[in-house]
Amino acid sequence: MRIDLLRHGECSDQAWLRGRVDSELSDLGWQQMLNQRSRLAHYDKIITSSAKRCAEFAMKSLQQDASVSIEPAWQERDFGLFDGLSFEELETRFPEALAHYLNNPYDHEIPQAESFHDFKNRINQAWLELIQTDVESVLLVTHSGPMRLVLQHILGFANQQLFQFELGYAARVSIEVIPTDSTPFCKLLEIVQAPEPI
């Protein structure tokens, strides 16, 4: 089975941590997604995060290719009081909490947020369920955070490496899933950044 994970395009707001805030795609974001769509294969199954920046594209532009399933488990992390604010707003409103988060984003608890541990467990569980799917190909429209955690899960790198590679807007990650007698074997095929809009 091949699983392609597609990040949403650029959004119309200035959020620094964009988790559960329901941002919309900008005009450029739509163009990024449509450019990637022209390079996508046919899929047996399409899944999208329930966030508008993912689901709206999937429902409007992919529905004719295969039925689209909305799965909230593939949402971005809930960043609590930080969610949806610009970096400048965070510096003004929560300077101390922001400094603690920047110093240790994996263990520091953002007020009212989903913990990194819970976020990671949620995505790992969703991934284990997905790779048991009995189809040949899946497209998953989601977010940078879940995509990074999937790569961590299959490649085994430490938390500190999660942000040491680029996953730009509308980037695609392709993974091959090979059945075994136990847990399926997963192999990274490629990471493709979005082409520049024409």
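Here the structure is a predicted model, which means the values were calculated and not measured.
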Would a hydrophobic clustering, with Ile, Leu, Val, Met, Phe, Trp and Tyr connected at side-chain separations under 4.5 Å, put [X] with [Y]?
X	Y	result
Val192	Leu140	no
Ile178	Leu130	no
Val177	Leu155	yes
Val68	Leu25	yes
Leu34	Tyr169	no

Discussion item. Under a plain distance cut-off of 3.5 Å, with no hydrogens placed, do Asp27 and Gln31 share a side-chain donor-acceptor pair?
Written reply: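 Short answer, no.
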
Fill in: Residue pair Asn121 / His117, side-chain donor-acceptor N/O under 3.5 Å
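Asn121 vs His117: donor-acceptor pair found between side chains.
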
Worksheet item: With Phe87, which of Tyr101, Trp16, Phe82 fulfils ring-ring contact (aromatic ring centres under 6.0 Å, His included)?
Response: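 That would be Trp16; it is the only one of Tyr101, Trp16, Phe82 passing the ring-ring contact (aromatic ring centres under 6.0 Å, His included) with Phe87.
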
Item to complete: Report the residues that fulfil ring pair (Phe, Tyr, Trp, His ring centres under 6.0 Å) with Phe119, sequence neighbours left out, ordered by chain and then residue number.
Response: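 With sequence neighbours excluded, Phe119 shows a ring pair (Phe, Tyr, Trp, His ring centres under 6.0 Å) to no residue whatsoever.
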
Looking at [atom1] of [X] and [atom2] of [Y], how far apart are the two atoms once the value is rounded to the nearest 0.5 Å?
X	Y	atom1	atom2	value
Asp22	Glu56	CG	CD	9.0 Å
His8	Arg18	NE2	CZ	6.0 Å
Met147	Leu6	CE	CG	7.0 Å
Ser67	Met59	OG	CE	9.5 Å
His143	Arg53	NE2	CZ	5.0 Å
Gln132	Met1	CD	CE	8.0 Å

Would a 4.5 Å heavy-atom cut-off, applied to side chains only, mark [X] and [Y] as touching?
X	Y	result
Ser61	Met33	no
Ile110	Asp78	no
Arg172	Leu40	yes
Val150	Val173	no
Pro146	Glu76	yes
Leu62	Thr48	no
Glu89	Gln14	no
Phe79	Arg20	no

Quick check: are there more than 12 heavy atoms from other residues, nucleotides or ligands sitting under 6.0 Å from [atom1] of [X]?
X	atom1	value
Glu96	CD	no
Glu136	CD	no
Asn104	CG	yes
Gln161	CD	yes

Identify the heavy atoms of [X] and [Y] that sit nearest to each other, and give their distance.
X	Y	value
Thr183	Thr180	O-OG1, 2.7 Å
Gln164	Gln160	CD-O, 3.6 Å
Ser144	Arg7	CB-NE, 3.5 Å
Ala73	Ala126	CB-CB, 4.1 Å
Val21	Gly84	CG1-CA, 3.7 Å
Asp83	Gly19	OD1-N, 2.9 Å

Give a yes or no on whether the backbone of [Y] and the side-chain of [X] come within a donor-acceptor separation of less than 3.5 Å.
X	Y	value
Ser12	Glu24	yes
Gln193	Gly168	yes
Gln36	Ala170	yes
Arg37	Phe57	no
Ser23	Asp13	no
Ser137	Asp44	yes

Worksheet entry | N-O pairing of Glu114 and Arg77 below 4.0 Å |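 Salt bridge flag = no for Arg77 with Glu114.
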
Worksheet item: Do Ile175 and Trp127 pass the side chain to side chain contact (heavy atoms under 4.5 Å, CB included) test, and can you show the C-alpha distance, the side-chain angles, and the key distance before you say yes or no?
Response: CA-CA 12 Å; Ile175 296 169; Trp127 177 251; 3.8 Å; yes

Discussion item. Checking Leu167 against Arg148 for the side chain to side chain contact (heavy atoms under 4.5 Å, CB included) test, could you report, in this order, the C-alpha distance in whole Å, the side-chain angles of both residues, the deciding distance, and whether it holds?
Written reply: CA-CA 8 Å; Leu167 273 183; Arg148 292 174 189 279; 3.7 Å; yes

Worksheet item: Does the side chain to side chain contact (heavy atoms under 4.5 Å, CB included) test come out yes or no for Thr142 and Ile47, once each step is laid out?
Response: CA-CA 9 Å; Thr142 186; Ile47 298 169; over 6 Å; no

Item to complete: Apply side chain to side chain contact (heavy atoms under 4.5 Å, CB included) to the pair Leu151 and Phe157, showing each step before the final yes or no.
Response: CA-CA 8 Å; Leu151 289 171; Phe157 53 77; 4.2 Å; yes

Discussion item. Against the six-membered ring of Tyr43, is Arg2 placed for a cation-pi contact (under 6.0 Å from the centre, within 45° of the normal)?
Written reply: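 The answer is no, since Arg2 fails at least one limit relative to Tyr43.
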
Item to complete: Specify whether Tyr106 and Phe163 have parallel, tilted or perpendicular ring planes, treating 30° as the upper limit for parallel and 60° as the lower limit for perpendicular.
Response: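 Ring orientation, 0 to 90° scale: parallel.
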
Worksheet entry | side-chain hydrogen bond (donor to acceptor under 3.5 Å, both in side chains) between Glu10 and Ser26, worked out | CA-CA 6 Å; Glu10 178 193 82; Ser26 66; 2.6 Å; yes

Discussion item. Assess the residue pair Gln152 and Asn159 against the criterion (side-chain hydrogen bond (donor to acceptor under 3.5 Å, both in side chains)); give the C-alpha distance rounded to whole Å, side-chain angles, the decisive distance to 0.1 Å, and a yes or no.
Written reply: CA-CA 8 Å; Gln152 181 186 47; Asn159 289 338; 2.8 Å; yes

